[in-house]
Protein chains: 2
Amino acid sequence: MSVKKEKRLTSSMEDYLEAIVVLEKENGVARVKDISRMLNVKPPSVTSAIINLSEKGLVEHELYGYVELTLEGKKAALDVLRRHNVLFCFLAGILNVDPKVALEDACKMEHSVSPQTLENLEKFIEFVKDSSNQGKSGLLKSFTHFLKTGKRKRFSIGGIKQ
Amino acid sequence: MSVKKEKRLTSSMEDYLEAIVVLEKENGVARVKDISRMLNVKPPSVTSAIINLSEKGLVEHELYGYVELTLEGKKAALDVLRRHNVLFCFLAGILNVDPKVALEDACKMEHSVSPQTLENLEKFIEFVKDSSNQGKSGLLKSFTHFLKTGKRKRFSIGGIKQ
DNA sequence: AAGTAATGTTAGAAATCTCTAAGATTTGAA
DNA sequence: TTCAAATCTTAGAGATTTCTAACATTACTT
């Protein structure tokens, strides 16, 4: 009975998984060259990573061929992607951080955000965004105004206009 | 003229700086043993780190003596601490994440949050918190309620009661 | 003051992740 | 089909960070 001790994936390995799932979505398949370009690492680093992920049962790979996520790998990759997206939405959509910066931050923070924080962040986004049907909610408008001027504007949640 | 190329500090080195500044605040001085305990690493790791930080001009250290931050080191350490505190405030105070989890997350995320995100986060905290004089603001109460029940409650910002 | 306990350092090894250089395989063009 | 370009892998080295084991120093205790 080989009960593998599942160590948490490193940030690096999560990056590779994420790149692979994104490439699969974009191109149907993931190739070493594209992973390399996407992550700004050299091809040998990708090969090493693939061997590593393959030993963990997260990807399948034939020499000189494509890289494919296993079911488990896909699950892990989508989890990273979800963290990324939630963080990006919050940073760019609520905190009003420049999208380029928000992207960079999301790419780094996605590896350290806990499930609980992620869940509450998702709910917070829902809470803030759903409170307006069109574009920015009152809260968002008010905060954006506060960011620019330092002054508060009234706003409402729950459909009650002030 | 030796113009050192100042590479960004690694997460690890930031952790050491942060521990040192916290210990200095608590005990007046920082010692290897305490840094070791605070960061959950063995003493030789601390010694290595101190040598590293010392080469960067961020700490001073006499063999078998105390560790002290230089001016530059203190500046860097306080910067990390500020990131930590802002993140913790947001997670625990606004997102309603369990303080223990919020602490862990802050400790990890503090190394990857950009200045712009940090600044906007600080303003967001100010925006949300200052909108009530006593404890949780309307927004906070409303979000907490939403977290628990999934239902929205009306609230106000700007001192206007609904 | 001497010896023991506590603390700190040195040396050297292991894990992780990246790179360069060089060689292998595949693809595509003539 | 054969050769050149593109792609991928292997081998080996370097950086970073941690550890254990052994040794050095300092601080107590009596």
Side-chain angles (χ1 to χ4, degrees), chain A residues 4-20 23-24 26-69 76 80 107-108 110-112, chain B residues 4-20 23-24 26-69 76 80 107-108 110-112:
Chain A
K4 258 183 279 180
K5 181 165 283 175
E6 314 246 336
K7 272 188 293 185
R8 214 186 139 296
L9 286 170
T10 62
S11 304
S12 183
M13 290 308 121
E14 286 194 342
D15 281 333
Y16 285 104
L17 285 180
E18 193 182 11
I20 293 166
L23 287 167
E24 281 187 357
E26 274 179 10
N27 310 340
V29 296
R31 316 197 321 170
V32 168
K33 183 191 56 158
D34 299 319
I35 299 170
S36 161
R37 196 177 308 148
M38 181 169 280
L39 295 180
N40 269 302
V41 296
K42 304 294 177 189
S45 304
V46 177
T47 301
S48 294
I50 286 167
I51 290 168
N52 183 336
L53 291 172
S54 160
E55 283 166 354
K56 291 184 168 72
L58 300 173
V59 304
E60 281 182 4
H61 177 236
E62 252 179 305
L63 269 188
Y64 296 99
Y66 295 135
V67 186
E68 289 183 59
L69 293 166
V80 181
C107 280
K108 288 178 287 175
E110 70 193 13
H111 305 298
S112 44
Chain B
K4 257 182 281 180
K5 180 164 283 173
E6 313 246 335
K7 271 186 296 185
R8 213 186 141 295
L9 287 170
T10 61
S11 303
S12 182
M13 290 309 121
E14 286 193 343
D15 281 333
Y16 285 103
L17 286 180
E18 192 182 13
I20 293 166
L23 287 168
E24 280 187 357
E26 275 178 10
N27 310 339
V29 294
R31 315 196 323 167
V32 169
K33 183 190 56 157
D34 298 320
I35 300 171
S36 161
R37 196 177 309 149
M38 181 171 279
L39 296 181
N40 271 302
V41 296
K42 304 293 178 189
S45 304
V46 177
T47 300
S48 295
I50 286 167
I51 290 168
N52 183 334
L53 291 171
S54 160
E55 283 165 355
K56 292 185 166 73
L58 300 173
V59 304
E60 280 182 4
H61 177 235
E62 252 178 306
L63 269 188
Y64 297 97
Y66 296 136
V67 186
E68 288 182 59
L69 293 166
V80 181
C107 281
K108 289 177 284 173
E110 69 194 14
H111 305 297
S112 44

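Lettering follows sequence order; numbering is per chain, from 1.
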- Query: Do the side chains of Met13(B) and Leu58(B) get nearer than 4.5 Å, heavy atoms only?
  - Reply: no
- Rounded to the nearest 0.5 angstrom, the OG-CD distance for Ser112(A) and Glu110(B) is 9.5 Å
- How close or far is atom C1' of dC17(C) from atom CG of Leu17(A), stated in whole angstroms? 15 Å
- Query: Whole-Å distance between dA15(C) P and Arg8(A) CZ?
  - Reply: 20 Å
- Are any non-hydrogen side-chain atoms of Val46(A) and Tyr16(A) less than 4.5 angstrom apart? yes
- Message: Judged by each residue's nearest nucleotide on DNA chain C, which is more toward the 5′ side, Asn52(A) or Leu63(B)?
- Response: Leu63(B)
- Message: I need the residues from residues 36-49 of chain B with at least one non-hydrogen atom less than 4.0 Å from DNA chain D; give them sorted by number, or say none.
- Response: Asn40(B), Val41(B), Lys42(B), Pro44(B), Ser45(B), Ser48(B)
- Item | Spacing of Lys42(A) atom NZ and Thr47(A) atom OG1 [to the nearest 0.5 Å] | 13.5 Å
- Message: Once rounded to the nearest 0.5 Å, what's the spacing between atom NE2 of His61(B) and atom CG of Leu69(B)?
- Response: 12.5 Å
- Between P of dA15(C) and NZ of Lys56(A), the distance in whole Å: 13 Å
- Item | Contacts of Ser54(A) that satisfy side chain to side chain contact (heavy atoms under 4.5 Å, CB included) - sequence neighbours left out | Val59(A)
- Base-paired stems in DNA chain D, each at least three Watson-Crick or G-U pairs under 3.5 Å: C:1-30 with D:1-30
- Euclidean distance, atom CD1 of residue Ile35(B) to atom P of dT7(C) [Å, nearest integer]: 14 Å
Report all side-chain donor-acceptor pairs from residues 32-41 of chain A shorter than 3.5 Å, counting only partners two or more places apart or in another chain.
unit_1: Ser36(A); atom_1: OG; unit_2: Val41(A); atom_2: O; d: 2.6

- Query: Can you check whether Glu68(B) reaches Glu62(B) side chain to side chain, under 4.5 Å on heavy atoms?
  - Reply: no
- Query: Quick one: side chain to side chain contact (heavy atoms under 4.5 Å, CB included) partners of Ser48(A), sequence neighbours excluded?
  - Reply: none
- Distance, rounded to the nearest Å, where Met13(A) contributes CE and dA15(C) contributes P: 15 Å
- Task: Report, as yes or no, whether the 6.0 Å neighbourhood of atom CD on Glu24(B) holds more than 12 heavy atoms from other residues, nucleotides or ligands.
- Result: yes
- Between Glu62(B) and Thr10(A), which has a closest nucleotide on DNA chain C that is more 5'? Glu62(B)
- Query: Please give, in whole Å, the distance from dT27(C) C1' to Tyr66(A) OH?
  - Reply: 11 Å
- chain A footprint on DNA chain D, 5' to 3' - any atom under 4.0 Å from a heavy atom: dT7(D) to dT10(D)
- Item | Non-hydrogen side-chain atoms of His111(A) and Asp15(A) separated by less than 4.5 Å | yes
